[in-house]
Each structure stands twice: as structure tokens, then as C-alpha cells.
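Quick notes on the structure that follows.
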Amino acid sequence: MTRFDPRGRKNRALLVGVSAYDFTEPPHGVPGPLPAVGHNLDRLSDVLAAGRVFAEDEVTVARSPSLDDFDRALRTAAEEAEGLLLLYFAGHGAIPSAGDELFLQMRNASVIAGGHAVFPGAEMFTTVLTWLASSPAERIVVVLDCCFAGNAGWIWETFRDKRRVLLLMSVQANHRIDAGDARTPTPFTGQLLDLLDVPGELGFCELSDGLRARMAEGRLETLRGEPWTPQSRTEPDEDVLLSARGPAPAAGGPGTPDPPGQERPTPSAREPTGGRPAGPRPGPARRRVRLPRPVRAGRRAGAVAAVLLIAAALGLGIHGLLGLVGGSAPCAPALELRVLTDPDLEATVGAAAEAYLTSDRNTGDDGCRRSGITVYSAGSADAVTALRRESGAWHEPREDLNPQRDIGPQPDVWIPATLADVARVTTHQDTDALARLEPDDRLIAYSPMVLAVPRGMGVLSLDERAGRPLSEMIRALRERHRDAEVRRPDPEFADGALLATTALFGPPGSDPSRIEREIDPGGPPSPTAADLMCALPDDAAADRRTAAIVPEFLMRSGVGCDRTTRTPRLAQYPGDVPGLEPVFVRVRWQGADLDRSARDDAAGDFRDWLTGDGGEAVFAEAGFRAPDGNRALLETDGRIPEGVLRAPAPLVESAGRDAMETALRKYRDARGPGRVLFLLDSSGSMATRWDGPSGGPGLLAQSLGGLGERDEYGVWAVAGTAPGRSYETLLPFGPHSRGSAREALGGRARVRDAEADPYAALLAALDEMAGRGADDDRPQLIVHLTDDEDAGRLTGARLDDVLDRARSANVPVATVSLVSGGCAAGKPGARISAAAGGRCLDADDELGAGLAAEVARTGTGEG
């Protein structure tokens, strides 16, 4: 366990408490005032300021803000924090019927009920995380004290930029909580304050563990009458100091602060005191762009007002750049360009946009900025699909198709990693597409893909370092070193990894499934090359024996994680892997003509600067090469980066559209669409656990997000409604769209006036899935959702039968018990899941997130 110590850094705490609401009357009002929340803010601001992590002027209190006021406060705090950024929210929380989003309701919140509830005046937690992730802060802590706070856990788990974010939630998912006495803080925050107010050092993990223990000791219950259990989410071994109260320790003695911003080992419940601490956990994978600071009125004579351009971006890893003001009068808000790019390019494009923003090219005679720029990234496969087939959904999003949420705002400019992406969009673009692409005829820069081999794995000749096929290089490496490993990022997320995959799958007779097994370390692949390079030093031994397929520019610019000591590597240059060739693409949107001329001018100016000397300087600093000619390194100091060749040859031709599409299809096929069979206990005892997002059908519906249109799945209603029949088919086995599956379940799923026979249903399900998987290796899963009322039918010889069949069928079984203790040792569900190699979840776990994760491991999630 390592603990980040933010003392001495520029920290920010934003405390948001909504105790009063404008709309409380039915039918659209929120439940009502929360007077205890006011006490939360009063005491928490004092306790944090006395904790010696936050200075008094680093704590901002927002009392019952409107949604607009909250957004402004959040963005300001995110911009200013450099060490620790803490967001605390107390107020009403709301969830839609599907339970897959948490809404934080501000003062002007209201509710519009219906088939899909809408929450005007509330902020989605996904958006909150996205804005927090734009901060340059080293660590981000979020504390939620509201009903349904635990539903944020699933959002955190699926958020791609969560490495720095530590999340503390007042209650488990799908539970409402009591606001407490109007004269005191809320129950959860009251306990939190007590822990923060104790002398000594307190980290996030100690705080979250202490809160769970205190709430358990107090035997507090949620409004459903179940134990009230706070939840937390962090990356493994991640911690941060939150309070260091009491007299300062003697110099050199226990508790002496580390240098500002350093990691320090800390004992916790997860690591006994005296144990060997783990190495520092990598921080964010990208270099964080520091935003220009607005000039504040009163700082100097003739002070100038600053106008903040709110970056309307919902994509991942946003660098919201500010349009500042100058001169003797306030500047009008500048037009904002939205720039979507490949995840591997985001840091460099963000740095280029920052440099352009403050350049003479973007500054008028009056000293004002002509344009502002927001740079964000999204998975390359998602971006291509959205522009090719889903551009209309940017205007009219649906619950299951929302590019604003999944990609980001409508881009004015797209900078993909290769021109082939443009062809992938335009060749098969929908005839009614709202987006039209206009690529520039000049490439911005070039970076070859390399096999970065640890130096300790032997000195290579020049012939071995350049020109050979990638598969041959990997084979030779493994012949020299039997324990050598090779890693590659996710080909669906970053184009560089997909370009390497075109070579891996290209040779005749290649077996994509075998290749994927050889380079798959288990679990999801690293999303970007920078993430991969950050993760390798976690295990020093693995770092020394692992070669990474990454863009060459990372050999110079490195990555933005905390860990700076890693195994030095030499670059090998495969002769069959195309390189990164970012290109400027103007995106025009049908009907967006109101400011077309001004937007064209702004995009044209940025394009000319980016493809000229200004952009070249930024890409040279990042380690890129010239986009044409002999593709020489864009040197900045006359020296070449360590481990790279000045002029590797031969040059690899540009990527091809068909090769990338084929490689992506083969990659998805190699990972395989999955098969899932859901067994939904529909017996009469389920009546009290049926409705709402935490009921049986609700949990099942939430998990469908991990399944795509290429996956096959079905749903059986388990109840004996006919002699000799242990189940009824609710959804026939096969591929389904998420919307049609939910519609079918909503229309047919109901409680039966009958008992369930889990013994017969499980045997039938195991036989069914074993038969379907007899001729292939596609991932499979059986999910059994039950209240365990009929578990008495799974005892003795019957249970032995199911256990024997579970061991032989080679199909994992996920048991989901809707009661506490359903997965205790010796319980039938726990034993069956263990025998089948699956997982057992009960009401003591976060069922929605846990089940969704299990299903997502099996499915493709493309639907």
C-alpha cells in the first residue's frame, strides 16, 4: 500500500451541500429540504482546514447551488488543483429505472417521470467524473452522501480515466438513506467528521474502513431495513493522505512529511504493519496539460476581466483550454473548437492546442483570443463507428445510443492517428449521415510502431532491429529468452495497437485466437500505449522480461504516470507495421450553419498552425518524426532519444482501410462473442424482490450493457408452471439488441404463483450451454438470480448431481442471491459457483456492479 502525501502542493476541496430545493411539490418536485446538510458543510469545512492538508483558502463551500453554479464551481476547482482535489456532495440523489446512472440533484432540480425518468437541474455523475478527470491534480477524492450513492460504483468501474480517482459512497447501490436529525449532521457525514477530527494522520483507506466499521457497530439500516454499509472504490493499493491533525512531529521522527507530492508507504488493514510495502502505483497515463490561468480583477492597475470558455465536452480525458482576455476592456467569449483525437495522441494534440491558444496566430490586435479549443479523445473504433453510422444520434441520443455521452461533443475537428480511419468512415458512411469529413492533404507528423525490448534481453544487431516482420521479431525474442512476454494495448481503443494487429494477423495461416492468448496477460488490455508503459513497472520482474508494442514517440516523451524508473528499452522497427500518421480532418455538421464562416476561419487557422512550424515544434518535443521525405526525427536539441534509431529502414507504407477493418474483425472474433443464459427465479416468493433496479429483472436489465448484438443470450423464468417443466423461456437464445431485449423482458417477466426447482433448472442450463459450446471456445456464462427461498431443493444427492455436472460442463455459473448471506461458505449457491469456476454474489455485495462485471467479461459490449 502506498499513500500519496499532497502537503505542500496546491490542493482544492469543493464542499457541495444542497439543503434547500426550489421545487418540492408533486408531481415534479424532489422529496424536500435537508436541514442536516447545512450542518455537514459547517463542520466539514472547519475540520478539513484544521487537518493540515488543505489550507483555509483552499476549501470552497457551495450551499444549495443551482446546476449552473455547481458546474462553474466544479470546473474552477478542477482547473486550480495540482496536488489533491476533493469533491464532497450531500443532498438528494436519484437514479433512473435502469439504475445505470446517478444524478446529483441541485437546488433547481425537478423530476419528470415516465418510461425513462428525466432529471432537469441535476448533474450526471458520469459528467462529474469527466470534468474531474480534466484536472491536473495528482489525486482526486469524491465523497457522496446521498440516496443511491453506491450506484456511482458501477460508473467508476466503467470510467476509463479512473486511475487517480478514489471514490467514497455513503451507502450501497439502490438504497435510500435517512437524512438524520435537523439539528446535527447526517448520519454518514457525522461518522466521517468524527474520524477526520482525530489527531494524527488519516488516509482514504483508513477512513473508508473506519466508516464501514462504525456504521456496522451502530447497526444502522437503510430505508429498506438492510444494514447500512458505506462503499469505496480505488485502484489496487492506492491511497492518499486526507488529514494530519495535531502537533507537528519532531524532525526525522515518525510522521515527518515526505517531500511535497511524493508517495509514501502506509500500513493499513490490507497490509500488516511491518510488511513490505508495494511499489508506487502509477498515476494518470497521460501528460496533463496545465491550463492558462485567468487574470483576476484587482491584481494590477487596469485589471482585465477573465472570461472562461466552458468546454462543452463529455468525452474522456478532456483538456479544456481557456479563451483568456487581454487589453484594457473585457474580451467577448471566443468561439470554441472541439477537437476529437486518438487516445495515444491526446497529450500531444492537447499540448499543441495549448501552444496555439497563446500564440500570436490566435491573438487579435486587441489582445483577445480568436478561439478557444477543447481537446478530448475516445476509443478509435467507437469514433469511427459513430461518425460512420451514428452521427444522427449526436442530435437525438437514445438511452442505448448516445455519442454525446460515449464519445463527446460533436467535433469540429477530428485528428485520427491514420488517414485510413477517414476511409473507414466515408467508404461505408450512412447516406443520411449528419457529419461530412474534409481531410487535409498534409499529414501532421509520423511515428513508427516499435517493439520496445528491455535492454537486459540482449544486444541486437542493426539487421535485427529494423525491417523484419513483427511476428518474426517476437518469435526470435522468445527463442532467445524463454520467459519473454509481449504486450500490446487494446486495438479497439487506440489505432497504434490496431496497426500492430494488422501485422500480427496478416501472415497466411496465422491463428488470431492463439496470438491473442500469447499476448493476453489476463483481464482487460491496457487502453493506450502510455497506460501499458505505466503499468509494466508495477512488477519489476515482469518489466524486465516484457517487450511492449508502442508508438516510437513514447521512447522520448515518456508517459505522465508517477513512476519514472522503469527498465530501459531498445526500439525494434517491424517492417510490416504501418506507423501513426495523424491528419487534420474538418468535420461539418448538417444544419450547423449559424456560425459556419467564423468556425471555418478558426479551424483553418488552427490547421495551418498545426501543420506548420508551430505544430512541428510541439510534435518534435514529443518525439515524432517528419511526416514525409525520409521521415527524419524532428530533433529539438541535436540528440536522438535513448534506445531509438536515427534512420530505421525500410519505411513502411501507410495503413490500409481494408487491412484495419479485417484486423479489427479478427480481433473481435478471437476474443469471441459470448453466450449467456440467465435463470430468473420467478416463483411467488420473489414478489417482494421483483420491482425496481435492485429487483431480479432490474439487475438482469442492468447487466445487458455488457452484451452486444454479436453475443448470444437468453432468459429462462424458473418456476414450475407445468408438470415436469422447471422453466419457461422469456427470451429465446440468440443475438439481441439491448433495447429489444429489455422491451421483451418488460413485457413478459412476471412473478408466477408457483415454486421454483433450481435443481432441475440448473441441470438443464448446464446441459444446454455445454452443448452450445461443444465445437468452439467462445466464452460462456450461466447467471442464476434467486432469493434462495427454494434452496432446500439443492441438498444431499441433488446438490452433488449439480456440483458434478458443474465441474464437467466447463461453463462458469454466477449465482446472484438477493438475500444477505446467500454466498456464505457451504451455501448451495457458493458451492455451485465454486465448482463451475464462477462467482457468487449476494445482497452484502453490490449486486448491480458485480453482475454487470461478470456479464461484461463474457460479452463484447458492442450492442
Side-chain angles (χ1 to χ4, degrees), residues 97-100 400 673-687 689-722 725-752 754 756-758 760-773 778-787 790 811-818 829 832-833 836 838 841 847-848 850-861 863:
S97 58
D100 53 2
D400 60 335
R675 300 187 184 100
V676 180
L677 179 57
F678 294 92
L679 309 185
L680 176 61
D681 187 343
S682 302
S683 61
S685 62
M686 283 285 290
R689 303 179 187 275
W690 193 259
D691 296 326
S694 59
L699 290 170
L700 194 160
Q702 291 175 56
S703 73
L704 296 181
L707 297 169
E709 294 185 3
R710 297 170 61 247
D711 299 311
E712 295 179 313
Y713 55 100
V715 182
W716 291 356
V718 179
T721 56
R725 187 74 172 170
S726 61
Y727 66 88
E728 175 186 335
T729 300
L730 289 182
L731 188 68
F733 205 92
H736 305 279
S737 70
R738 198 182 315 168
S740 65
R742 284 177 169 167
E743 183 178 349
L745 287 173
R748 300 189 62 189
R750 66 185 187 278
V751 176
R752 269 74 169 170
D757 185 356
L762 281 167
L763 287 179
L766 288 164
D767 288 342
E768 171 79 13
M769 295 298 279
R772 290 184 179 275
R778 288 169 53 180
Q780 299 195 110
L781 179 68
I782 295 171
V783 175
H784 183 206
L785 293 115
T786 177
D787 65 352
D790 298 293
V811 180
V813 176
T815 301
V816 181
S817 173
L818 304 184
I832 292 168
S833 291
L841 300 160
L847 292 181
L851 175 57
E854 291 302 303
V855 173
R857 289 191 185 98
T858 306
T860 62

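Being a predicted model, the structure only gives us computed values, none of them experimental.
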Do [X] and [Y] touch side chain to side chain, with heavy atoms closer than 4.5 Å?
X	Y	value
Trp716	Thr729	yes
Leu847	Leu818	yes
Arg750	Arg752	yes

Notebook entry, point to check: Going through the checks in order, is the side chain to side chain contact (heavy atoms under 4.5 Å, CB included) test met by Val816 and Leu700?
Noted result: CA-CA 10 Å; Val816 181; Leu700 194 160; over 6 Å; no

Heavy-atom closest pair, residues [X] and [Y]:
X	Y	result
Ala741	Leu731	CB-CD2, 4.0 Å
Ala770	Val811	N-CG2, 4.1 Å
Ala701	Arg742	O-NH2, 3.0 Å
Leu677	Glu768	CD2-CG, 4.4 Å
Met769	Arg675	CE-O, 3.6 Å
Trp690	Ala749	CZ2-C, 3.6 Å

Next item on the list: Kindly assign one of parallel, tilted or perpendicular to the pair Phe678 and Tyr713, based on the angle between their ring planes and the thresholds 30° and 60°.
Entry: perpendicular

Any side-chain to backbone donor/acceptor pair from [X] onto [Y]? Under 3.5 Å, distance only.
X	Y	value
Ser737	Ser740	yes
Asp790	Ala756	yes
Arg710	Pro673	no

First locate atom [atom1] of [X], then atom [atom2] of [Y], and finally report the distance between them rounded to the nearest 0.5 Å.
X	Y	atom1	atom2	answer
Asp767	Leu762	CG	CG	11.0 Å
His736	Leu707	NE2	CG	10.0 Å
Asp757	Ser726	CG	OG	6.0 Å

Notebook entry, point to check: Knowing that exactly one of Leu699, Leu679, Thr815, Asp681 qualifies, which makes a side-chain contact (heavy atoms from CB on, under 4.5 Å) with Leu785?
Noted result: Leu699

